[in-house]
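Below you'll find the structure, written out as structure tokens, and then a few comments.
Here is how names work: the chains are called A, B, and so on, in the same order as the sequence lines, proteins then strands, and each is numbered from 1.
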2 protein chains.
Amino acid sequence: MNVEKPRTRIQQKNRERILNAALDVFSAEGFRGATIDQIAIAAELSKPNLLYYFPSKEAIYTEVLSSLLTTWLDPLQAIDSQGDPIEEILGYVRRKLELSRDFPRESRLFANEILRGAPRILDQIEGPLRRMVDDKVALFQNWSRDGKISPIDPFHLIFSIWATTQHYADFSVQVRGILRTNDDAHYVDAEDFLMTLYRATLTPRGN
Amino acid sequence: MNVEKPRTRIQQKNRERILNAALDVFSAEGFRGATIDQIAIAAELSKPNLLYYFPSKEAIYTEVLSSLLTTWLDPLQAIDSQGDPIEEILGYVRRKLELSRDFPRESRLFANEILRGAPRILDQIEGPLRRMVDDKVALFQNWSRDGKISPIDPFHLIFSIWATTQHYADFSVQVRGILRTNDDAHYVDAEDFLMTLYRATLTPRGN
DNA sequence: CGTCATCTTGACCATTTGGTCAATAAATCA
DNA sequence: TGATTTATTGACCAAATGGTCAAGATGACG
């Protein structure tokens, strides 16, 4: 998967610094809002030096974005068709929420890209992601048919999970402003709430 | 409320055109990504002419943003403490979803502003919005105490409603990419799903 | 140490972009 | 109609920004 070839350890180190700094800046300012200078400063390199490692701002951005994508979509794949339906789905919600808590920069960068119309990852969405969603949708429908979970629309179930979990990263300013908090303590309550929300919805009537 | 004083009808018309064009461009490109030229072209005016009506890009942006804000937060206020608890909350969800469908530009502009850290509306969030949320949270707690709705965390309930409804506007590219759709037909299914989701969660056990 | 490859940077360039201004055109109105 | 106010624009400017380049510094290695 990782086709990179960081020949020297200096290259290794500086590429990492740049990509990390770029994630900081891009996630906070968006692609257009970010400047090479900001990234260079954050990476503690001069601008021409940064451009020695990457040919352009665009190249840095696409590398950050694509390196993020797999990690970001992984939890969905991890849903096990052999496991207990409700626990599998709740586990997915939990993992997505953890992702929001632990990787908010990635979440915001992704959100920003989608907001802008996903110009660079639309094929990823209409390709691999769509296939994986279709796969899980079929699984959910089987679970519904077998009475393991309530008969709800599986597409919108997935959308709602994405929405509710990513909200805590993407809209964290609003969440914190309303809860009057600066730390991540509210993630505990968020998890409780989401577990209740989805358990209530997924548990078939008669249980 | 509207303290504007559009003296002539030309001013009236052109200010409207500019604000509408600005909403188009800002919601699609974000503040930094948008250029005065783009807005001017969209409004079919020359750039200096546009700057005859508004002193700066910033001024256009803040006017668009603030004119949006009241409309955006209104539905929350409309929740009636005298109505049927579950129907009131479901009605709120429905109205928020309609807002996403009918005013996606506004939703995306708002989302973008929050993503960037809400630099221009943080006081609105920590002021009026927070007060309104606190008010409704207290109401929900009363309903919970009286057994009218399930005992769930009212803050996170509100967050989840914001998240699930705005998702359809803010992430519409992703939603459409996965559903293979270009129109708004999926909003019907979305509404069904959300009604089921929140009814299942809010209905107290024993009903 | 000497040589070669890698790394770093100050100076520079072209384009984009927010914004100004003086001059002109179009309304408005006495 | 003529005078005055309002609206419009081409030309222009300064700053910001993405990117280049030649020259020098630093490492790797026999």
Just to confirm, is there a sub-4.0 Å distance from OP1 or OP2 of [N] to any side-chain nitrogen or oxygen of [X]?
| X | N | result |
| --- | --- | --- |
| A:Thr8 | C:dC7 | yes |
| A:Asn14 | C:dT6 | no |
| B:Tyr52 | D:dT8 | no |
| A:Arg32 | C:dT17 | yes |
| B:Gln11 | D:dT6 | no |
| B:Asn49 | D:dA7 | no |

_Both B:Ile10 and B:Gly33 contact DNA chain C. Which one's nearest nucleotide lies toward the 5' end?_
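Between the two, 5'-proximity favours B:Gly33.
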Across the strands shown, which category fits [X] at heavy-atom distances under 4.0 angstrom: base, sugar-phosphate, nothing?
| X | answer |
| --- | --- |
| A:Ala40 | nothing |
| A:Tyr53 | sugar-phosphate |
| A:Ala59 | nothing |
| B:Ile36 | sugar-phosphate |

*asked:* I'd like to know if A:Lys47 reaches the base of D:dG19 with its side chain, counting only an N/O donor and acceptor under 3.5 Å.
replied: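 Answer yes: a donor N or O sits under 3.5 Å from an acceptor.
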*On DNA chain D, check which nucleotide each of A:Ala34 and B:Leu50 is closest to and give me the residue with the more 5' one.*
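The residue whose closest nucleotide sits nearer the 5' end is B:Leu50.
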_Nearest-nucleotide 5' precedence on DNA chain D, A:Pro48 against B:Pro48_ =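 Comparing both residues, the 5'-ward one is B:Pro48.
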In whole angstrom, give the distance that lies between atom [atom1] of [X] and atom [atom2] of [N].
| X | N | atom1 | atom2 | result |
| --- | --- | --- | --- | --- |
| B:Ile41 | D:dT9 | CD1 | C1' | 15 Å |
| B:Leu45 | C:dG18 | CG | P | 16 Å |
| B:Ile39 | C:dT16 | CD1 | P | 18 Å |
| B:Arg9 | D:dT6 | CZ | C1' | 14 Å |
| A:Gln38 | D:dG18 | CD | P | 9 Å |
| B:Lys57 | D:dA16 | NZ | C1' | 12 Å |
| B:Gln12 | D:dA7 | CD | P | 12 Å |
| A:Leu51 | D:dT17 | CG | C1' | 11 Å |

*Verify the neighbour count for atom CD of B:Glu58: are there more than 12 heavy atoms of other residues, nucleotides or ligands below 6.0 Å?*
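More than 12 heavy atoms, drawn from other residues, nucleotides or ligands, come within 6.0 Å of this atom.
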*Is it true that atom CG of A:Asp183 has more than 12 heavy atoms of other residues, nucleotides or ligands lying nearer than 6.0 Å?*
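Yes, because the 6.0 Å sphere around CG of A:Asp183 holds more than 12 heavy atoms from other groups.
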*Using modelled atom types only, decide if a donor and an acceptor are shared between the side chain of A:Thr62 and the backbone of A:Ala59 within a distance under 3.5 Å.*
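Pair found, side chain donor or acceptor close to backbone of A:Ala59.
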*Go through the structure and list residues passing side-chain contact (heavy atoms from CB on, under 4.5 Å) with A:Arg176, not counting sequence neighbours.*
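Once residues adjacent in sequence are excluded, the partners of A:Arg176 under the side-chain contact (heavy atoms from CB on, under 4.5 Å) criterion are A:Ser172, A:Thr181, A:Asp184, A:His186.
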*Report yes if the side chains of A:Asp153 and B:Asp192 come closer than 4.5 Å at any heavy-atom pair, otherwise no.*
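A side-chain contact is absent here, since even the closest heavy-atom pair is not under 4.5 Å.
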_Passing option when B:Leu23 is tested against B:Ile18, B:Leu65, B:Leu109, B:Ile39 for side-chain contact (heavy atoms from CB on, under 4.5 Å)_ =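 That would be B:Leu109.
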